[in-house]
Every structure is written in structure tokens, then in C-alpha cells.
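First the structure, in the form of C-alpha cells, and then the observations on it.
On a predicted model such as this, the values are computed, not experimentally measured, just so you know.
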Amino acid sequence: MPRSSLHPPIAETAQRSLFDQPISDAAVAALWQGQVTDAIILVRKEQHVDLKEAKASVDAYLRSQPALQRRIEQDQSDARTGLFRWAVFFLIGGAGLLYFLT
């Protein structure tokens with residue numbers, strides 16, 4: 001058997017990356033719960049990769065699942081809106097408190 005048949009061509013090897021590895025069911029479950037950070041941590045531990053590669057793997061999975069990606073984007077948007085409302089509430093409350101105390 002020729003040695004070249006044992007290894008894939010270099011161009012084919014370069015195109016494959018760690019991002020092509022499927023992520024675990026636990027990471028997928030974390031994503032469905034809206035816990036993107038937890039999913040990235042799970043991928044890092046399970047695949048023994050660095051943070052950048054784990055995030056890229058999770059992002060690649062999300063790109064392949066449009067419904068899940070929309071759900072996560074909606075959850076993040078709702079969280080930002082809630083945070084903004086609380087910030088406005090505290091600013092107005094602080095200004096009102098300052099007004100009554102002076």
C-alpha cells in the first residue's frame with residue numbers, strides 16, 4: 001500500500017479544523033437554556049482546546065442551528081433591555097433621592 005494513501009492530502013487536512021468537531025449533548029443543552037458561556041466552558045473541557053477554539057466551535061454550531069441562534073439572540077436582547085430599564089430606574093431614583101435630600 002503506498003504511503004500517500006494512508007494520509008489525506010495536505011489541502012484537505014488544512015480545511016478541516018477543530019471547529020468541525022461536534023459539541024456534546026451537555027453543551028447543546030446549555031445553549032438551549034441560553035447559557036452560551038457555560039457551553040463554551042464545557043467545549044473547552046471536553047475537547048481540550050483553548051478559549052478561542054471553543055468559542056469558534058460553539059459559534060459554528062449556532063450558525064448551523066438558526067432557530068437556536070435566534071432564541072439566544074432574543075434572550076440576549078431581552079437581558080440588555082432589562083439591564084437598561086434597571087439602569088434608568090436607578091438613575092431616576094438616585095436623582096429623586098438627591099433632590100429630596102438637598
Side-chain angles (χ1 to χ4, degrees):
M1 184 179 247
R3 185 174 196 162
S4 63
S5 66
L6 297 176
H7 300 287
I10 292 173
E12 186 178 311
T13 305
Q15 289 175 352
R16 276 188 287 161
S17 68
L18 293 172
F19 313 136
D20 297 334
Q21 294 180 1
I23 63 174
S24 68
D25 292 338
V28 172
L31 287 172
W32 277 104
Q33 293 174 357
Q35 301 169 344
V36 179
T37 305
D38 292 344
I40 293 170
I41 291 169
L42 285 169
V43 170
R44 277 190 75 190
K45 289 179 182 177
E46 293 166 353
Q47 295 182 4
H48 306 288
V49 295
D50 64 4
L51 179 63
K52 184 177 179 180
E53 293 170 345
K55 184 178 182 321
S57 291
V58 170
D59 288 344
Y61 179 79
L62 286 174
R63 280 192 302 277
S64 72
Q65 303 291 323
L68 177 58
Q69 187 174 15
R70 281 191 302 274
R71 180 177 174 179
I72 289 173
E73 288 170 355
Q74 183 63 39
D75 289 347
Q76 290 173 344
S77 174
D78 292 346
R80 281 190 299 271
T81 301
L83 180 63
F84 178 74
R85 286 181 183 165
W86 277 106
V88 168
F89 172 75
F90 281 119
L91 286 173
I92 291 172
L97 184 64
L98 185 64
Y99 176 77
F100 284 114
L101 292 176
T102 57

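Note that CG of Leu62 is 8.5 Å distant from CD of Glu73, once rounded to the nearest 0.5 Å. Taken to the nearest 0.5 Å, the NE2 atom of His48 stands 13.0 Å off from the CD atom of Glu53. From Ile72, atom CD1 reaches atom CD of Gln65 across 10.0 Å, with rounding to the nearest 0.5 Å. Taken from NZ in Lys52 to OG in Ser57, the straight-line distance is 12.5 Å, to the nearest 0.5 Å.
In this structure, Trp32 is not a member of the same hydrophobic cluster as Leu42, with clusters built from ILVMFWY side-chain heavy atoms closer than 4.5 Å. Grouping the Ile, Leu, Val, Met, Phe, Trp and Tyr side chains by contacts below 4.5 angstrom, directly or via other members, places Phe90 apart from Leu98. Side-chain heavy atoms closer than 4.5 Å link hydrophobic residues (I, L, V, M, F, W, Y) into clusters, and following such links, even through other members, never connects Ile41 to Val58.
Heavy-atom minimum distance, Ala54 versus Ile40: CB-O, 3.7 Å. Minimum heavy-atom separation, Gln76 to Val36: NE2-CG2, 4.3 Å. Between Gln69 and Arg63, the shortest heavy-atom distance links the atoms OE1-CA, 3.9 Å. The minimum heavy-atom distance between Ala27 and Ala39, with the atom names listed, is O-CB, 3.6 Å.
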Practice prompt. Go through the steps to decide whether Val43 and Tyr61 satisfy the test side-chain contact (heavy atoms from CB on, under 4.5 Å), and finish with yes or no.
Written response: CA-CA 11 Å; Val43 170; Tyr61 179 79; over 6 Å; no
Discussion item. Please evaluate residues Leu31 and Asp38 with respect to the criterion side-chain contact (heavy atoms from CB on, under 4.5 Å), reporting the C-alpha separation (whole Å), side-chain torsions for both, the decisive distance (0.1 Å), and the verdict.
Written reply: CA-CA 8 Å; Leu31 287 172; Asp38 292 344; over 6 Å; no
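In this structure a side-chain-to-backbone donor-acceptor pair under 3.5 Å is present from Gln47 to Pro22. With Thr81 contributing its side chain and Ser77 its backbone, the two residues share a donor-acceptor pair below 3.5 Å.
The pair Asp59-Lys55 counts as a salt bridge, with a side-chain nitrogen and a carboxylate oxygen less than 4.0 angstrom apart.
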